[in-house]
Amino acid sequence: MAAQIQYSDVEVGTELPAASFPVTRATLVQYAGASGDFNPIHWNEKFAKGVGLPDVIAHGMFTMAEAIRVVTDWVGDPGAVVEYGVRFTKPVVVPNDEQGGLIEVTAKVAAKLDDNRVRVDLTAMSAGRKVLGMSRAVVELA
């Protein structure tokens, strides 16, 4: 695969298409199985509340992975992401109902770099709260 976006077609301030990612308890169980992270704060409501959380919360790495999908979908090649980092600021709370939680992600090109690379800044929100801080990716474009 190769990046589908041309460096020359992108300007600082270019907004990437926003996306929303639903998260249910079933999603968390699937992720726990795939990742091997069976911490009970991600599936046991009584335990999560017992340690001071409002409810079961999504895995931080799951939240991070969902957010970068905005970038990989835009560029057309996951391999074009050469750097990615975040700070976990608030948890994604996942109620035990039909809707669960929702991660809403927006992103824009914050800087044009050398070697056909751009820095993309992401904003990830859930229930009106910013759940990732300093969320940035460096992407190599065509």
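Keep in mind that the numbers below use all heavy atoms, side chains included, and drop hydrogens, waters and symmetry copies.
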Ala124 backbone acceptor or donor facing Lys130 side chain under 3.5 Å: no
Please report, to 0.1 Å, the donor-acceptor pairs under 3.5 Å made by any side chain of residues 58-71, with sequence neighbours excluded.
| unit_1 | atom_1 | unit_2 | atom_2 | d |
| --- | --- | --- | --- | --- |
| His59 | NE2 | Asp37 | O | 3.2 |
| Thr63 | OG1 | His59 | O | 3.1 |
| Glu66 | OE1 | Arg69 | NH1 | 3.1 |
| Glu66 | OE2 | Arg69 | NH1 | 3.3 |

Sequence neighbours excluded and cut-off under 3.5 Å, please list the side-chain donor-acceptor pairs for residues 23-32, or say none.
| unit_1 | atom_1 | unit_2 | atom_2 | d |
| --- | --- | --- | --- | --- |
| Thr24 | OG1 | Ala26 | N | 3.4 |
| Thr24 | OG1 | Thr27 | N | 3.2 |
| Thr24 | OG1 | Thr27 | OG1 | 3.0 |
| Arg25 | NE | Val94 | O | 2.8 |
| Arg25 | NH2 | Glu45 | OE1 | 3.4 |
| Arg25 | NH2 | Asp55 | OD1 | 2.7 |
| Arg25 | NH2 | Val94 | O | 3.1 |
| Thr27 | OG1 | Thr24 | N | 3.2 |

Could you give the side-chain donor-acceptor pairs of residues 134-142 under 3.5 Å, partners two or more places apart or in another chain?
| unit_1 | atom_1 | unit_2 | atom_2 | d |
| --- | --- | --- | --- | --- |
| Glu140 | OE1 | Arg117 | NH2 | 3.4 |

Residues in side-chain contact (heavy atoms from CB on, under 4.5 Å) contact with Glu15, at least two apart in sequence or another chain: Lys108
Shortest non-hydrogen separation from Ser20 to Glu104 and the atoms involved: OG-CG, 3.6 Å
Residue pair Pro40 / Lys46, side-chain heavy-atom distance below 4.5 Å: no
Minimal non-hydrogen separation, Val120 against Ala107, with atom names: CG1-CB, 3.7 Å
Side chain to side chain contact (heavy atoms under 4.5 Å, CB included) between Thr106 and Leu122, worked out: CA-CA 6 Å; Thr106 58; Leu122 297 92; over 6 Å; no
Cluster overlap Val118 with Val86, hydrophobic side-chain contacts below 4.5 Å: yes
Joint cluster assignment, Val82 & Leu113, ILVMFWY side-chain distance < 4.5 Å: yes
Any pair counted as ring pair (Phe, Tyr, Trp, His ring centres under 6.0 Å), so long as it reaches residues 65-88, sequence neighbours left out: none
Qualifying ring pair (Phe, Tyr, Trp, His ring centres under 6.0 Å) pairs, either residue in residues 5-29, two or more places apart: none
Stepwise side chain to side chain contact (heavy atoms under 4.5 Å, CB included) test for Val93 and Val56: CA-CA 6 Å; Val93 178; Val56 164; over 6 Å; no
Spacing of CD1 belonging to Ile5 relative to OG1 belonging to Thr14, to within rounding of 0.5 Å: 9.5 Å
Intermediate values then yes/no, side chain to side chain contact (heavy atoms under 4.5 Å, CB included), Val109 and Arg119: CA-CA 6 Å; Val109 174; Arg119 190 187 88 220; over 6 Å; no
Backbone N/O of Leu102 and side chain of Ser126: donor-acceptor pair under 3.5 Å: yes
Val10-Val81 co-clustered via ILVMFWY side chain contacts under 4.5 Å: yes
Within one Ile-Leu-Val-Met-Phe-Trp-Tyr cluster: Ile57 and Phe47, side-chain cutoff 4.5 Å: yes
Main-chain N/O of Gln4 paired to Gln6 side chain as donor or acceptor, under 3.5 Å: no
Enclosure of Lys90 NZ (heavy-atom neighbours >12, cutoff 6.0 Å): no
